[in-house]
Amino acid sequence: MSTIVLKGIQKNYGAVQVIKGIDLSIDDREFCVFVGPSGCGKSTLLRMIAGLEEITAGDLMIDGQRINDVPPSERGLAMVFQSYALYPHMSVADNMGFSLRLAGVPKEERRAKVAEAARILHLDNLLDRKPKELSGGQRQRVAIGRAIVRKPKVFLFDEPLSNLDASLRVQMRIELARLHDELAATMIYVTHDQIEAMTMADKIVVLQSGIVEQAGTPLELYHHPRNQFVAGFIGSPKMNFLPAKVTAVTDTATTIALPSGASLDIPVRAGGQKVGYAVTLGVRPEHMRLAGEGELLGEVMVVERLGGETFLYTQLNDGTMLIVQADGEIPTGVHERISIKLDPAACHLFDGEGLAIERMERHPLANLRRLPTRKAS
Amino acid sequence: MASTTTAAPVPGTSTTVGGRSQRNVKTLPLVAPSVVILFLWMIVPLAMTLWFSFQYYNLLDPTVGGFAGFENYTFLLTDPSLWTAMINTIFLVFWVLVITVGLGTLLAVLFDQDFYGRSIARLLAIAPFFVMPTVSALVWKNMLMHPVNGLFAFFTRSLGLPAIDFFGSFPLTSVIIIVAWQWLPFALLILLTAIQSLDSEQKEAARMDGAGPFSMFFFIILPHLGRAISVVIMIETIFLLSVFAEIYVTTSGGPGLASTNLAFLIYLRALREYDVGGASAAGVIAVILANIVAVFLVRSIAKNIAD
Amino acid sequence: MHPKTRERLVLTVVGWLAAGLIFFPIFWMILTSFKTEVEAVATPPQLFFTPTLENYITVRERADYVHFAINSIVISVGATLLATLIAVPAAYAMAFFPGKRTKDLLLWMLSTKMMPAVGVLIPIYLLFRDTGAIDTRWGLIVVYTLMNLPIVVWMLYTFFKEVPKDILEAGRMDGAKPKQEVWMLLLPLSLPGIASTALLSIILCWNEAFWSLNLTTSEAAPLTTFIASFSAPEGLFWAKLSAASTIAIAPILVFGWMSQRQLVRGLTFGAVK
Ligand SMILES: Nc1ncnc2c1ncn2[C@@H]1O[C@H](COP(=O)(O)OP(=O)(O)O)[C@@H](O)[C@H]1O
Ligand SMILES: [Mg+2]
């Protein structure tokens with residue numbers, strides 16, 4: 001069992017507040033990803049949980065115990081650093097066994113545990129090498145191995161894949177997911193890459209300037225972003241935003257008018273919206289299609305063909321840019337004029353403050369966990 | 001060498017833990033030994049010197065004694081020798097810096113080139129740094145600059161010119177030459193390392209942009225050397241302010257006071273005239289001078305290297 | 001001839017000329033040490049002569065070189081070890097737990113080196129006399145330790161700052177106590193830097209003349225005092241003086257040459273990354 005609870009956690013550097021009061025709870029065996037733009041405080045938050053950074057205010061609890069003042073090594077966690085932070089003067093085996101050595105574990109037992117971790121990570125025949133004789137991916141594995149050996153309750157990762165090349169990154173992502181399943185441990189993972197967050201997380205925590213914008217399952221964030229920031233951050237390519245005006249409010253939908261004159265019925269609760277209010281329409285590239293009688297007209301400026309799909313960077317008649325996802329087979333070329341049809345059911349509306357207006361229906365997959373919950377072994 | 005600077009921060013209060021990283025490390029016990037013994041090393045002799053500077057205290061004449069008030073200071077400050085010594089001190093520091101940095105840069109560029117036996121030539125060029133100041137002063141004085149038997153005298157005579165009496169006619173210049181020779185390898189080594197650390201892609205890019213050797217030197221290499229030159233100036237200044245052995249061995253500060261710097265003046269007062277009071281007053285003035293240099297020169301330079 | 005090759009030849013000539021000029025005084029001294037006293041002062045100066053070891057033999061008879069050399073070694077190494085021992089914790093704290101005034105503290109330490117030693121000779125002499133430290137090795141070790149401490153702290157500080165913070169933090173996560181962190185991680189990682197710091201300290205101690213001349217007479221006298229005993233009758237015995245000088249600087253020169261690559265790294269005081 002290892003649940004982590006953060007209550008009103010704050011961090012000040014001198015007079016500057018970088019973490020502005022965070023409340024969060026991370027369940028046992030959950031894979032929790034902190035995601036957000038660079039400099040938003042992800043690392044700081046992770047390092048506070050690790051015990052490497054002092055907590056200015058608030059309580060940090062593991063399994064119900066306040067551990068603000070417990071030294072890092074006694075918190076039962078292990079951390080994998082972005083730079084790997086391997087001990088360059090030690091062999092791979094010594095690197096992985098260092099914590100056991102410090103804890104006074106006998107040599108034989110140490111060797112057995114290191115061998116076990118090496119087996120899991122396929123490092124068996126590299127144990128005598130020095131870190132500088134390893135490739136990036138192998139170093140990464142050693143760093144993870146060093147964490148595994150300690151059998152921690154919680155694993156902490158700070159952008160562990162950002163120094164790897166793209167294909168290795170994908171491979172390690174899968175391996176980490178497998179490892180999470182195998183070890184059945186709680187993991188907290190920091191990244192600025194929303195794809196990593198979407199693919200690995202049970203729970204995503206979106207941070208911006210030291211506050212939590214939203215926490216939830218990947219599909220919850222995708223289908224029910226709480227505000228415009230989360231909506232823009234999750235999903236690739238980014239969600240398109242268009243200015244709009246409320247023209248009618250009913251029990252089942254809110255009708256809006258776009259600058260182009262087109263009108264749409266979006267299935268959201270009106271809330272406080274009244275006719276005439278200015279709102280923002282959010283629509284993802286994948287929720288648009290090319291059609292003769294579309295709501296939007298524009299000229300294609302750039303075409304990105306990925307094979308399976310094609311992205312059309314389109315300039316609308318009023319000058320705004322729109323990204324449209326189309327089929328890979330589509331022959332559309334640059335400077336062609338296209339007509340775009342939106343899927344109202346997949347559209348989002350944001351009020352004047354950028355907060356999402358609640359949707360009529362919750363997406364059926366919004367509460368789906370990435371891994372089936374299973375009993376602790 | 002020894003004590004100085006009243007402009008120091010109060011040591012005990014200045015070791016607060018920074019916000020970088022949490023750890024129950026009290027930094028005070030770690031820093032304290034260094035700070036405390038340096039502080040004692042500075043303050044005890046300084047206090048004694050300060051005390052003596054207000055006393056009549058002559059080792060030759062035990063009958064004089066007692067409180068002198070500011071007399072040692074007024075005597076010293078109205079004595080032109082203090083000003084001569086100060087100017088000589090500054091002169092020496094300045095010219096040695098100019099010569100070592102200037103020549104050091106040129107030599108560094110030279111030794112950065114690839115030529116036959118470069119590493120051996122480099123070893124020869126850095127040798128003076130390892131030679132004791134007393135030895136190098138003796139060698140220069142007796143074998144090179146000696147007006148009768150010195151090698152330089154032989155060369156000038158062979159050219160039909162009168163021999164130069166280095167230490168008689170140009171005492172301070174001669175001392176500067178010797179000290180500069182000793183410190184040139186230091187400047188050379190640092191600047192050479194700095195040049196070699198220059199990104200070769202940057203040089204290649206400049207070459208692609210059509211930079212010749214001269215524009216390469218002035219626009220690429222020289223700006224890159226800024227920090228290294230700062231270090232050379234800072235470290236050399238620290239040592240050059242207290243040049244002693246070279247003067248002691250060659251000119252004994254003469255003729256007159258022509259090559260006496262502050263360090264040597266204090267020595268003259270204390271050990272030649274046995275005037276401990278006067279010497280101590282000069283010592284206090286030297287401390288103040290060191291402070292001024294510390295504040296104005298070293299601080300401004302060192303701030304940007306310490307990062 | 002290929003222009004590249006010609007350029008290289010020109011550079012070779014210029015480079016060796018410059019090196020030769022700089023090294024010349026030392027070369028001349030070594031040469032003189034193999035001459036007779038008459039040849040040493042002869043005009044024109046003798047470049048070719050029958051070398052003699054006579055001077056070295058005389059020097060050996062007049063003074064126990066080995067005794068002075070051992071003193072030099074013991075004092076230089078002793079002071080260097082002591083200074084390093086005191087400086088490591090301070091540099092560690094300053095590099096990894098800097099406070100608002102850490103930089104001021106460092107600069108203050110350096111500035112203690114700017115005061116001419118003569119200014120405090122009398123107080124130190126009196127203190128040494130009263131504590132029986134005159135002409136003892138440990139007395140000189142203490143003085144040299146204090147003399148070099150600021151430089152040693154500074155150099156170690158710059159080396160420690162180059163050690164990635166992550167690695168020490170990883171050690172902390174693995175359960176390393178501060179002492180283990182320093183011994184098992186920081187020191188092994190900065191070993192080259194520590195070596196070059198120690199080298200510079202040894203060289204500075206070896207060549208120090210002021211304190212050794214004033215605080216030692218015979219028992220603990222290092223090689224600088226040995227030289228001084230040959231320099232008194234000015235210019236009269238150049239050949240013997242050269243021989244004495246040659247054997248006084250030979251150990252440190254060879255040592256310096258062998259370790260110069262190490263030394264250079266440290267000398268840059270963090271100015272070259
Ligand atoms: N030691 C420090 N002192 C002052 N500010 C810091 C320190 N460390 C981080 N910060 C600031 O805190 C903010 C969050 O940093 P960090 O947690 O590293 O962001 P990221 O989300 O990219 O990991 C940044 O604005 C950074 O400038
Ligand atoms: Mg970060």
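In what follows, chains are A, B, ... by sequence order, proteins preceding strands, each numbered from 1.
No side-chain heavy atom of C:Trp154 sits under 4.5 Å from any side-chain heavy atom of B:Ile235. For the pair C:Phe255 and B:Phe130, the minimum side-chain heavy-atom distance is 4.5 Å or more. In this structure the side chain of B:Ile120 reaches within 4.5 angstrom of the side chain of C:Trp16, judged on heavy atoms. Counting heavy atoms from C-beta outward, B:Phe129 and C:Ile252 have side chains that stay 4.5 Å or more apart. In this structure, B:Val131 and C:Met29 have side chains that are not in contact, with every pair of non-hydrogen atoms separated by 4.5 Å or more. Using a 4.5 Å heavy-atom threshold, the side chains of C:Phe27 and B:Leu124 count as separate.
Closest of all the heavy-atom pairs between B:Leu110 and C:Gly15 is CD2-CA, 3.8 Å. In terms of heavy-atom proximity, C:Arg8 sits nearest to B:Phe115 at NE-CA, 3.9 Å. Nearest heavy atoms, C:Ile26 versus B:Pro128: CD1-N, 3.9 Å. Nearest heavy-atom pair, B:Asn142 versus C:Leu241, reported as atom, atom and distance to 0.1 Å: ND2-CD2, 3.7 Å.
Proximity to chain C (any heavy atom under 4.5 Å) is shown, for B:Thr49, by both the backbone and the side chain. Using a 4.5 Å cut-off between heavy atoms, C:Val153 touches chain B through its side chain atoms alone. Both the backbone and the side chain of B:Tyr116 come within contact range of chain C, with heavy atoms under 4.5 Å apart. Contacts of C:Thr224 with chain B are made by both backbone and side-chain atoms, with heavy-atom separations under 4.5 Å. Residue contact with chain C, scored on non-hydrogen atoms closer than 4.5 Å, involves the backbone and the side chain of B:Tyr267 alike. For chain B, the nearby parts of C:Leu223 are the backbone and the side chain; heavy atoms of each come within less than 4.5 Å. Contacts between C:Ala248 and chain B at a heavy-atom distance below 4.5 Å involve backbone atoms as well as side-chain atoms.
The greatest number of non-hydrogen atom pairs below 4.5 Å with chain C, out of B:Ala279, B:Ser280, B:Ala263, is found for B:Ala263. By number of non-hydrogen pairs under 4.5 angstrom with chain B, the leading residue of C:Ala91, C:Ala83, C:Pro25, C:Ala90 is C:Pro25. With chain C as partner, the option from B:Leu151, B:Val139, B:Leu144 having the largest number of non-hydrogen pairs under 4.5 angstrom is B:Leu151. Of the listed residues B:Leu184, B:Ile126, B:Ile285, the one with more heavy-atom pairs under 4.5 angstrom with chain C than any other is B:Ile126.
Within a 6.0 Å radius of OH in B:Tyr248, other residues, nucleotides and ligands contribute 12 heavy atoms or fewer.
The CD1 atom of C:Ile22 sits 6.5 Å away from atom CG of B:Leu188, with the distance rounded to the nearest 0.5 Å. For the atom pair CD (C:Gln260) and OG (B:Ser119), the distance works out to 8.5 Å, reported to the nearest 0.5 Å. Within the model, atoms CE of B:Met132 and OG of C:Ser212 stand 8.5 Å from one another, a figure rounded to the nearest 0.5 Å. Here C:Leu126 contributes atom CG and B:Met48 contributes atom CE; the two are 5.0 Å apart, rounded to the nearest 0.5 Å.
Remark: the backbone N or O of B:Leu123 is paired with a side-chain donor or acceptor of C:Trp257 at under 3.5 angstrom. For C:Ser245 (side chain) and B:Val135 (main-chain N/O), no donor-acceptor pair under 3.5 Å exists by modelled atom type.
Applying the ring-ring contact (aromatic ring centres under 6.0 Å, His included) criterion to C:Tyr144, with sequence neighbours excluded, gives no partner residue.
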